[in-house]
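Just below is one structure, and these are the notes that go with it.
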Amino acid sequence: RDWSVTGVQTCALPILSESQSIFQADTVIYSAKYNFIVPNFSSNETNNFQGELKFKMIRDSRFGWTIFNWQDIKNSDSPTWSELKGQLTY
């Protein structure tokens, strides 16, 4: 855990499991299940977020990988990453 850089607590624990990559000529489809916990400092509780992500990546003009399509799939009663993003947008 590190507060020193941004003043925000970070943690380097892995959040992905059961990952899989499917390679085609100029496309990669990467999927994984994720699970992470976000502390809620105002109520001393934690929120668990989980789901399955699926990235479709393509080669760009500089031969780097670019995310072309991203899916966040709900697979439990817990909120997903997309639901967390929705809570944090203004």
Side-chain angles (χ1 to χ4, degrees):
R1 298 173 188 256
D2 184 6
W3 291 85
S4 62
V5 178
T6 61
V8 175
Q9 184 179 18
T10 60
C11 187
L13 297 176
I15 63 168
L16 300 177
S17 65
E18 299 179 37
S19 64
Q20 173 182 331
S21 299
I22 300 170
F23 289 89
Q24 298 170 348
D26 60 351
T27 305
V28 174
I29 298 173
Y30 176 80
S31 62
K33 292 183 178 180
Y34 65 85
N35 182 29
F36 61 95
I37 297 171
V38 176
N40 184 339
F41 295 109
S42 62
S43 68
N44 260 351
E45 296 178 5
T46 59
N47 296 314
N48 185 45
F49 296 87
Q50 61 182 331
E52 183 177 344
L53 60 86
K54 189 175 285 188
F55 295 152
K56 182 176 183 181
M57 296 182 281
I58 58 172
R59 291 271 190 185
D60 63 20
S61 61
R62 295 173 294 180
F63 300 103
W65 291 105
T66 301
I67 297 174
F68 176 73
N69 182 280
W70 172 27
Q71 292 178 306
D72 188 11
I73 302 161
K74 189 173 186 80
N75 61 7
S76 73
D77 290 337
S78 295
T80 63
W81 168 252
S82 293
E83 291 171 301
L84 173 61
K85 288 190 325 179
Q87 293 173 12
L88 299 176
T89 57
Y90 302 67

Please report the shortest heavy-atom distance between Ser21 and Val28, naming the atom on each side. CB-CG1, 4.5 Å

Test of understanding: clusters of I, L, V, M, F, W, Y form through side-chain heavy atoms closer than 4.5 Å, transitively. Do Leu53 and Trp65 belong to the same one? yes

Out of curiosity, Glu52 CD to Asp72 CG, how far, rounded to the nearest 0.5 Å? 9.5 Å

Distance (rounded to the nearest 0.5 Å) between Thr27 OG1 and Ile22 CD1: 11.5 Å

Please answer: with hydrophobic residues joined when any side-chain heavy atoms are less than 4.5 Å apart, are Ile58 and Tyr30 in the same cluster? no

Distance in Å, Asn69 CG paired with Lys54 NZ, rounded so as to fall on 0.5 Å steps: 9.5 Å

d(Phe36 CZ, Asn48 CG) to nearest 0.5 Å is 8.5 Å

Quick note, salt bridge (Lys or Arg N to Asp or Glu O under 4.0 Å) partners involving residues 74-84, not counting sequence neighbours, are Lys74-Glu83

So, for Phe55 and Trp70, which heavy atoms are closest and what is the spacing to 0.1 Å? CE2-CD1, 3.1 Å

Applying a strict under-4.5 Å side-chain criterion to I, L, V, M, F, W and Y, I'd like to know whether Ile67 and Trp81 cluster together. yes

So does Thr66 get a backbone contact from the side chain of Asp60, meaning a donor-acceptor N/O pair under 3.5 Å? no

Heavy atoms only: give me the nearest Gln50-Asn35 pair and the separation to one decimal. CB-OD1, 3.7 Å

